[in-house]
Amino acid sequence: MDDGVGMTQIGCNSRMPDIHPPEILKTKVSGKRLKGGKEKAVEQSNKIKRLCRGCNELANHYKRNCPKLKKRLLYQLMIVHCLSLKLHQPMQTTMMN
């Protein structure tokens with residue numbers, strides 16, 4: 001029976017959706033333990049040192065990821081950017097009366 005409110009009767013042939021319980025998920029971690037600061041430091045000291053061509057030091061990095069070289073490049077880029085801004089600014093002229 002339809003009373004005009006949007007409610008209809010459900011017949012015997014209507015299908016109910018199949019509802020299944022959720023799958024059980026693993027909540028435990030993989031069993032890999034976290035290393036402490038001392039243990040990480042010992043591993044770093046046992047690594048073979050490389051000659052960095054950016055700072056010419058024996059270190060655990062090379063030129064591609066040299067922290068000193070990155071600082072130097074950022075500084076140079078900042079200078080170039082500042083100079084380019086000064087070149088593109090219109091010259092201010094003072095008018096004499």
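For reference, positions follow the sequence shown, starting with 1.
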With a cut-off of 3.5 Å and sequence neighbours excluded, list every side-chain donor-acceptor pair involving residues 46-62.
from, atom 1, to, atom 2, distance (Å)
Asn46, ND2, Val42, O, 3.3
Glu57, OE2, Lys68, NZ, 2.5
Asn60, ND2, Gln44, OE1, 2.9

Using the side-chain contact (heavy atoms from CB on, under 4.5 Å) criterion, which residues pair with [X]? Sequence neighbours excluded.
{"X": "His20", "answer": "Asp18"}
{"X": "Glu23", "answer": "none"}
{"X": "Leu74", "answer": "none"}

| field | salt bridge (charged side-chain N to carboxylate O under 4.0 Å, His left out) involving Arg33 - partner list, sequence neighbours excluded | value |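 Once residues adjacent in sequence are excluded, the partners of Arg33 under the salt bridge (charged side-chain N to carboxylate O under 4.0 Å, His left out) criterion are Glu39.
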| field | salt bridge (charged side-chain N to carboxylate O under 4.0 Å, His left out) partners of Lys35, counting only residues at least two apart | value |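 For Lys35, the residues satisfying salt bridge (charged side-chain N to carboxylate O under 4.0 Å, His left out) (neighbours in sequence not counted) are Glu43.
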| field | Shared hydrophobic cluster for Leu77 and Leu69 (ILVMFWY, side-chain gaps under 4.5 Å) | value |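 Shared cluster, no.
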| said: Quick check for you: to the nearest 0.5 Å, what is the distance between Lys38 atom NZ and Lys40 atom NZ? | reply: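 These two atoms lie 15.0 Å from each other.
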